[in-house]
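Following: one structure in structure tokens, then a few remarks.
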Amino acid sequence: MMESSESLFDLEQDELPFAEVLVPLPLEQYFTYRVPRQFTDLAQVGCRVLVPFGRQKVQTGIVIQRHSKNPSVYEAKAIMDVLEERPSINAHQLSLFSWIANYYLCTEGEVLQAALPSGLKIHSEINVQLHPYYDADKEPEYPLTAHEQLLLDHLQQHDFIPFSEISKLIPLKDPSALVRSLVKKEAILLFEKLKDKFSPKTVRKISLHPDYQQKEKLQALFAQLESKGNSQKQVEVLLLLLQLQSLDNDDIGLAKAVHKSELINKGASASALKTLVKNGILHDFQETIARFQFRGETKSLPPLSKEQEQAKEAIITALSEKEVCLLQGVTGSGKTEIYMHLIEETIYNGHQALLLVPEIALTTQIVSRLQQVFGDKLGVYHSRFSDNERVEVWQKVQNDALQVVVGVRSSVFLPFENLGLVIVDEEHESSYKQFDPSPRYHARDVAVVLAHLHQAKTLVASATPSLESFYLAQEGKWGYVLLEKRFADAQMPDILLADMKKAKKRREMVQDFTPELLTQLRYVVEQKEQAILFQNRRGYAPFLQCDICAHVPRCKNCDVSLTYHQFSEEVRCHYCGYKEPVPASCEACGNSQLITVGLGTEKIEEEVVQLFPATKVQRMDLDTTRSKHSYQEIIDDFSQQKTQILIGTQMVTKGLDFDQVTLVGVLDADGLLRFPDFRASERSFQTLTQVSGRAGRKEKKGVVIIQTRDVQHPILQMVIHYQWREFYQYELNERRLFRFPPFVRLITITLRHRDKSSVKQAASQLARHLRSNLGENRVSEAHEPLISRIKNRFLMEITVKFERTGFNVQQGKAFIKQSGKSLMENKNFTGLEILYDVDPY
DNA sequence: GGACCTCCTACT
DNA sequence: GTAGGAGGTCCC
């Protein structure tokens, strides 16, 4: 694709004076720009260009196509600059963008927005400065308001302020009117400045000037300096430099450069240093360094057990016939070692490899294991890294300086040149599906497409595969390899159910603990072993309730109850972030007795601390892991056995290897099972199996206790008996019966509007239109979603189910999008928003 | 997404 | 009347 467009371009470059440009914004079309003569060669397809966009604004765009068709209805503006000689985005990526936009019903601009690290998305920002003729002491020609005065006062002290920061300085929601007024009064000027440019990390280094890098020359120099008498400081600097040069080497390497900061830290006089540089004795220069530098020896690959070796061979065989293979390996079966061997072979064959991991599983544990083997061939791509760090990985992947990347879902967008293998670890993880900003893509499914574009292979792995993947493997569309034996002959734990209903009736519950779980916990504490307690709800309790009138405090902006957080003494909305102090009394009846209902991690922590005051307890959930390192700290403390009991949400179920955990307690399995969506069973089975897998490794067999009010529940029965085959057959049957994925393709259409009746009317109109054109069995009636208002917008929903075969899904999707578009153009529904979620999770 | 414009409304 | 918010539009 690249080749052909380039050669076409060579032949006819003068006839391609226009470019279609994609901008990273949620807009449907490309924009046409004129390519100035000096850029005819440079502005290739895939290059980033700077373009004027909107009212006096600079945007980064990508050249999608070159052509010679001069747009007739408007005059094309000119590309301002081409940002690189080699395209940032390769042909595979452009195809991938367009596939994602089509499949997930979003725009290519949204994909670009998600794909490019912001360090590569330069755009201009408006700044405000004082007008050169403005005189603060002079009586102003026009009177100034208090707000205007505030801004001018600020500008007396500062050279300029970014427009976007004015609202932080002055309590104004939209400062544009204020700024406009001040411009008119000739008190300020506006100017634009580019921001977010990538800057490589550099260090300043000092070395001897080449003229002095010989012993004799140096001796002469010393003699000369010492004779002067006032150069003592300079002599000290030179001696220190020589000392540092020889530090890790007996032989003095006179050409060697040392860090300037080190010289200064060790006491070199800055002014003497400056003089030496000025006199041409020392050389002061900048060196670009990588942000990630792997130090230390790489080890050879860990050997595989017989079972691992067999699994690896089976995967290779499967992938020789099929593009995708599912590896189902129980927790603790040693999948990571198999990955390493497969990656090694991929690199050996001259290809790049990508290992996708769920956000939360990207810990130092897995990174350091891979780094030990792959050293500086390995790159890590994570949202917690800075922009500059991400740009660096991006560029190294592009230059083939990195052969392996371990990363989170957005690493499918990296500019791989010759991908050979993609591995999706823990593929059932819902965090692979992006939700909040569109594109709402699933990284596993995008990975399969990405691999296909590179004619590469995909390995999809999990102990508890998604129903979708399991089905594809069962149907033979994907290969399938099973690894059932735990590594080093570790035994699977005993999983037991504890009947909360019975315990409650007999009044045997101690707070939220059944006698079974409490007994085991006591034993573990006495034996100095470790335990994990799992409850899938953060905060103290899901909500507060009035003891008398049963009123529950609700969010002002959303249709949800507020969650009680004891530590911060607040009630919070998990949807819009609204929070308020805990109400002293019921707002409905004035009663002051508000009780907590339900169970969150914070409350369990409190109970455990009461029950075991001498034991070290740690809680791990969204609230305790907000900062960059706290997650890792909690993990480290627990694996070093500084903490004995770990209490947490989902997070504790994710691929962490702790050897001394002998007990896992699930405090309330019913909360999982009751979840009102079609994935409740699947999620329950996966979560309970995964969390159980945390118990007992190596020598010691573990125990898992699951508390429930429904001991007969079929899902729980299958979990405790390890009947995963039965589970998949059972659940596939249900899905077939009720027409859910993997038997149909699901799309959720959400309509959003600030006016309730408008959104209802728009939704039923859209539903009627879709039902009559696509079939009533494929499109649901418009209905209110479970949460019908978020951030003061009312929501309506339409569910679409397309069968997998015998129906043109792509055509159906296009029809939906077209219908949505024309509905939004309807003047009765101005302000209507339509959101699509393809393959919702 | 954001800078602009227009329209609406709550005040001194 | 007008400052400030809210909604709507367009970007090549």
Side-chain angles (χ1 to χ4, degrees), chain A residues 17-36 39 43 49-80 106-116 118 121-128 142-151 162-167 170-185 190-196 436-439 557 752-755 758-759 791-794 821 824-833 835:
Chain A
F18 296 98
E20 295 299 294
V21 172
L22 172 67
V23 288
L25 295 173
L27 302 169
E28 286 295 340
Q29 352 78 315
Y30 299 136
F31 291 82
T32 309
Y33 286 88
R34 191 165 52 76
V35 181
F39 295 135
V49 289
L50 285 188
V51 291
F53 189 81
R55 196 105 171 111
Q56 53 164 337
K57 200 171 179 327
V58 178
Q59 258 292 2
T60 304
I62 301 290
V63 177
I64 295 294
Q65 198 199 10
R66 290 283 295 270
H67 60 82
S68 54
K69 204 172 135 237
N70 193 354
S72 51
V73 269
Y74 54 85
E75 196 184 345
K77 291 184 183 171
I79 285 175
M80 299 158 75
C106 64
T107 67
E108 285 185 44
E110 286 168 317
V111 184
L112 182 63
Q113 176 72 44
L116 273 187
S118 45
K121 280 180 294 207
I122 301 167
H123 64 95
S124 68
E125 191 184 45
I126 292 183
N127 289 273
V128 175
Y142 310 94
L144 297 169
T145 66
H147 282 164
E148 288 173 346
Q149 196 58 58
L150 211 58
L151 178 61
F163 182 84
S164 54
E165 275 169 35
I166 296 176
S167 51
I170 298 163
L172 266 184
K173 279 222 169 138
D174 179 10
S176 57
L178 174 106
V179 168
R180 219 175 314 136
S181 150
L182 279 173
V183 170
K184 218 158 81 193
K185 292 173 185 172
L190 303 182
F191 68 99
E192 292 195 37
K193 200 164 144 277
L194 294 185
K195 65 176 258 180
D196 271 341
D436 203 5
S438 186
N557 312 314
R752 191 158 70 178
H753 199 276
R754 117 193 67 79
D755 179 50
S758 296
V759 74
K791 293 183 191 164
N792 277 328
R793 315 249 153 156
F794 291 92
K821 219 164 144 188
M824 294 219 287
E825 281 160 12
N826 187 330
K827 278 197 287 299
N828 296 326
F829 301 128
T830 45
L832 176 71
E833 293 165 278
L835 311 159

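Chain identifiers are assigned alphabetically (A, B, ...) following the order of the sequence lines, protein sequences preceding nucleic acid strands; residue numbering begins at 1 within each chain.
Nearer the 5' end of DNA chain C, as judged by each residue's closest nucleotide, is the contact made by Leu178(A), out of Arg754(A) and Leu178(A).
Dashed line: the shortest gap from a side-chain N or O of Arg180(A) to OP1 or OP2 of dT6(B) is not under 4.0 Å. Regarding contacts with the backbone of dG2(B), every side-chain N or O of His123(A) stays at 4.0 angstrom or more from both OP1 and OP2.
Rounded to whole angstrom, the span from the CD1 atom of Ile166(A) across to the P atom of dG2(B) amounts to 15 Å. Here dA3(C) presents its P atom at 12 Å from CG of Leu144(A), a figure rounded to the nearest Å. For the pair Ile62(A) CD1 and dC12(C) C1', the computed distance is 17 Å after rounding to whole Å. Here dG2(B) presents its P atom at 14 Å from CD of Glu165(A), a figure rounded to the nearest Å. The interatomic distance linking Leu832(A) (CG) with dT9(C) (P) rounds to 12 Å, in whole Å. Here dG4(C) presents its P atom at 12 Å from CG of Leu150(A), a figure rounded to the nearest Å. Regarding Asp174(A), its CG atom lies at a distance of 14 Å from the C1' atom of dC7(B), rounded to whole Å. Atoms CG (Leu25(A)) and P (dA3(B)) sit 11 Å apart, rounded to a whole Å.
Contacts of Thr32(A) with the nucleic acid, taken as non-hydrogen atoms under 4.0 Å apart, include base atoms. Across all strands, Pro24(A) comes closer than 4.0 Å to no nucleic acid atom at all (heavy-atom distances). The residue Ala76(A) sits close only to the backbone: its heavy atoms come under 4.0 Å of sugar-phosphate atoms, none of a base. The residue Leu27(A) sits close to a base: some heavy atom pair falls under 4.0 Å. Heavy atoms of Arg34(A) sit nowhere under 4.0 angstrom from any nucleic acid atom.
Taking 4.5 Å as the limit, every side-chain heavy atom of Ser438(A) sits out of range of all side-chain heavy atoms of Pro26(A).
Salt-bridge formation is detected for the pair Glu833(A)/Arg793(A): a Lys NZ or Arg NE/NH1/NH2 atom is positioned less than 4.0 Å from an Asp or Glu carboxylate oxygen. Between Glu148(A) and Lys185(A) there is a salt bridge, since at least one side-chain N of the basic residue sits less than 4.0 Å from a carboxylate O of the acidic one.
Taking the ring centroids of Phe53(A) and Phe31(A), they lie under the 6.0 Å cut-off.
Of the candidates dA3(B), dC12(C), dG4(C), the closest approach to any side-chain atom of Leu172(A) belongs to dG4(C). Distance from the side chain of Tyr33(A) is smallest for dC12(C) among the nucleotides dC12(C), dG4(C), dA3(B). Side-chain atoms of Thr830(A) lie closest to dT9(C) of the nucleotides dG5(C), dT9(C), dC5(B). In this structure, of dG7(C), dC12(C), dA3(B), it is dC12(C) that holds the atom nearest to the side chain of Tyr74(A). Considering only side-chain atoms of Lys173(A), the nucleotide from dC12(C), dG5(C), dG7(C) that sits closest is dG5(C).
Taking all atoms of both residues into account, the shortest heavy-atom contact from Pro439(A) to Val111(A) is CG-CA, 4.0 Å.
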### Task
Report the C-alpha distance between Gln65(A) and Tyr30(A) in whole Å, list the side-chain angles of each, state the deciding distance to 0.1 Å, and finish with yes or no for side chain to side chain donor-acceptor pair (under 3.5 Å).
CA-CA 10 Å; Gln65(A) 198 199 10; Tyr30(A) 299 136; over 6 Å; no
